[in-house]
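For reference, the structure discussed in these notes is given below.
Note that this is a predicted model, so its numbers are computed, not measured.
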Amino acid sequence: MRRLSLLLFVACGPAPSVMDYHRSALDEIAPEAIGCTAYEVEDTSTEDLVTVGGDPDTRRYVVRGCGREEAFLCYTMNRMDASESPTCRPLRRGARGAATGGVHVGPFRVAD
């Protein structure tokens, strides 16, 4: 059995990271959000980050490019009726860095 596990690992490679999983959603919205196609993504999650929908892999990312920066919250909602896929929502700041609402998911508000 151990040899089979090793062969599967070699054949398939290492499992994608949580960031790789979230990048599939981030890469769809980040270019438009920051107005730039060349950007970098940094995981800025903290230990006290509130999980969304019970997803222990909820993460906060900052996307930087072309002199702009946007923060995003990424998570996966558990759904019985469809396949799961990551969701990312922007966390926006207003004038002088004041929070303008963050993201509301169910009864929770996650500020940037």
Side-chain angles (χ1 to χ4, degrees):
M1 182 67 169
R2 182 177 172 163
R3 184 174 179 189
L4 177 61
S5 297
L6 179 60
L7 288 174
L8 287 173
F9 177 79
V10 171
C12 300
S17 69
V18 172
M19 182 187 274
D20 292 336
Y21 179 65
H22 289 152
R23 285 292 297 260
S24 64
L26 272 174
D27 288 343
E28 289 183 21
I29 61 174
E32 185 176 329
I34 64 170
C36 185
T37 58
Y39 55 88
E40 62 182 40
V41 178
E42 178 185 1
D43 184 343
T44 58
S45 305
T46 58
E47 288 187 27
D48 62 345
L49 181 66
V50 176
T51 61
V52 177
D55 179 10
D57 291 328
T58 299
R59 296 287 189 274
R60 182 184 188 279
Y61 298 99
V62 171
V63 176
R64 293 181 187 94
C66 300
R68 295 196 55 202
E69 179 178 293
E70 286 284 340
F72 293 88
L73 184 71
C74 296
Y75 54 91
T76 301
M77 296 295 288
N78 291 324
R79 295 175 39 178
M80 301 295 271
D81 62 338
S83 62
E84 296 177 353
S85 62
T87 299
C88 294
R89 300 225 178 149
L91 299 170
R92 303 198 187 274
R93 290 190 166 274
R96 291 184 242 142
T100 59
V103 172
H104 288 83
V105 180
F108 302 103
R109 178 183 169 277
V110 180
D112 67 342

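Here the closest heavy-atom approach between residue Cys36 and residue Ala38 is recorded as SG-O, 3.1 Å. Contact detail for Cys74 and His22: the closest heavy-atom pair is CB-CG, 3.5 Å. Scanning both residues, Thr76 and Ser85, for their nearest heavy atoms gives CG2-O, 3.8 Å. Contact record, Tyr61 with Asp43: CD2-CA, 3.6 Å, taken as the closest heavy-atom pair. Between Leu49 and Thr58 the shortest heavy-atom distance is CD2-O, 3.6 Å. Considering all non-hydrogen atoms of both residues, Asp55 and Asp57 come closest at OD1-N, 2.8 Å.
Applying the side chain to side chain contact (heavy atoms under 4.5 Å, CB included) rule to Glu28 yields no partners; only residues at least two apart in sequence or on another chain are considered. For Arg64, the side chain to side chain donor-acceptor pair (under 3.5 Å) test picks out Glu42, Glu69, with sequence neighbours left out. Scored by the side chain to side chain contact (heavy atoms under 4.5 Å, CB included) test, Asp48 finds Thr46 as partners (sequence neighbours excluded). Under the rule for a side chain to side chain donor-acceptor pair (under 3.5 Å), Thr87 has no partner lying at least two apart in sequence or in another chain. Here Ser24 pairs with Pro86 under the side chain to side chain contact (heavy atoms under 4.5 Å, CB included) rule; sequence neighbours left out.
Ile29 and Ile34 fall within the same hydrophobic cluster, defined by Ile, Leu, Val, Met, Phe, Trp and Tyr side-chain heavy atoms under 4.5 Å apart, directly or through other members. Under the 4.5 Å side-chain heavy-atom criterion for ILVMFWY residues, no single connected hydrophobic cluster contains both Val62 and Val41. No single ILVMFWY cluster, assembled from side-chain heavy atoms under 4.5 Å apart, contains both Tyr21 and Met19. A single hydrophobic cluster is not seen to contain both Val52 and Val18; linkage of ILVMFWY side chains at heavy-atom distances under 4.5 Å, directly or through other members, places them apart.
Within the structure, side-chain hydrogen bond (donor to acceptor under 3.5 Å, both in side chains) contacts touching residues 32-41 (residues at least two apart or in different chains) are Asp27-Tyr39.
One finds the CZ atom of Arg59 at 12.0 Å from the SG atom of Cys88 (value rounded to the nearest 0.5 Å). Leu73 CG to Leu91 CG: the interatomic distance, rounded to the nearest 0.5 Å, is 5.5 Å.
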